[in-house]
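Notes follow the structure.
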Amino acid sequence: MVLNKVYNFTKGSENKGSMTLKGNEKKAELYFYGDIISDVIRQCNMATLDDKCPKDIREFFADLDDSAELDVYINSGGGMVYAGLAIYNIIKRHSGKVTVYVDSLAASIASVIAFSVSSIRLFKTLYSKSDIYFTPLS
């Protein structure tokens, strides 16, 4: 069975973005290529197409077999800490193999999400290697 489900985010008749679950029943992909936001920001339509909130991730996992392999791709400057911690825990509860690929940057709470799995892959870019940053404000 091929899995290709699109989640559309709308307000009235206006399209506010989408998220695609791709793969098959044994493997899927999840992309964090924007900010980590709260569910409220998504509901108020103050987010970009690539931003992710905990509700997005819950809906993603609802259609995914619990033993399926998951590849998570991250290129994010981070975002809201409590939303990121919820996403971290949602991913952590998945019993299938999860691999994170840091395509360029995993900063702030995105770096915490990256460490929710046992396997992280960093890539070299033209100028430098991928980076993971977390420096809390003090």
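None of the values given here were measured: they were computed from a predicted structure. Any value given below was found using the heavy atoms of this structure, including those in side chains, with hydrogens, waters and symmetry copies removed. Residue numbers start at 1 and run along the sequence shown.
Taking CG of L85 as the reference point, atom OG of S116 lies at 11.0 Å (rounded to 0.5 Å). Distance OG/S119 to OH/Y101: 6.5 Å, rounded to 0.5 Å.
Residues F60 and I41 do not share a hydrophobic cluster, clusters being chains of Ile/Leu/Val/Met/Phe/Trp/Tyr side chains in contact below 4.5 Å. Hydrophobic clustering of Ile, Leu, Val, Met, Phe, Trp and Tyr side chains at less than 4.5 Å, counting indirect connections, keeps Y82 apart from V40.
Remark: side-chain polar atoms of R42 are paired, donor with acceptor, to backbone N or O of D51 under 3.5 angstrom. With hydrogens and angles disregarded, a donor-acceptor distance shorter than 3.5 Å links the side chain of D39 to the backbone of K55. A distance-only check finds a donor-acceptor pair linking the side chain of D56 to the backbone of C53 [under 3.5 Å].
The existence of a salt bridge linking K27 and D71 is confirmed by a sub-4.0 Å separation between a basic side-chain nitrogen and an acidic carboxylate oxygen.
Across every non-hydrogen atom of R93 and D66, the tightest pair is O-OD1, 4.4 Å. Minimum heavy-atom separation, I113 to G84: CG1-O, 3.7 Å. Minimum heavy-atom separation, S104 to N75: CB-OD1, 3.2 Å. The minimum heavy-atom distance between I37 and P54, with the atom names listed, is O-CD, 3.4 Å. In plain terms, the two heavy atoms of G34 and S76 that are nearest each other are O-OG, 2.6 Å. G78 and S108 get closest at one heavy-atom pair: CA-CB, 4.1 Å.
Taking 4.5 Å as the limit, every side-chain heavy atom of D35 sits out of range of all side-chain heavy atoms of T48. Residues H94 and V72 are not in side-chain contact: their nearest non-hydrogen atoms beyond the backbone lie 4.5 Å or more apart. At least one side-chain heavy atom of I87 sits under 4.5 Å from a side-chain heavy atom of F32.
Residues passing the ring pair (Phe, Tyr, Trp, His ring centres under 6.0 Å) test with Y33, sequence neighbours excluded: Y31.
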Run the side chain to side chain contact (heavy atoms under 4.5 Å, CB included) test on F115 and V100 for me, step by step, so that the C-alpha distance in whole Å, both residues' side-chain angles and the decisive distance to 0.1 Å come before the verdict. CA-CA 8 Å; F115 285 104; V100 165; over 6 Å; no

Could you check T99 against V117 for side chain to side chain contact (heavy atoms under 4.5 Å, CB included), going step by step and ending with a plain yes or no? CA-CA 6 Å; T99 303; V117 302; over 6 Å; no

Next on the checklist: Evaluate L30 against I57 for side chain to side chain contact (heavy atoms under 4.5 Å, CB included), listing each step before the verdict.
Outcome noted: CA-CA 9 Å; L30 176 60; I57 307 308; 4.0 Å; yes

Practice task
Please test I109 against M80 for side chain to side chain contact (heavy atoms under 4.5 Å, CB included), starting from the C-alpha separation and ending with a verdict.
Solution key: CA-CA 7 Å; I109 197 64; M80 304 183 100; over 6 Å; no

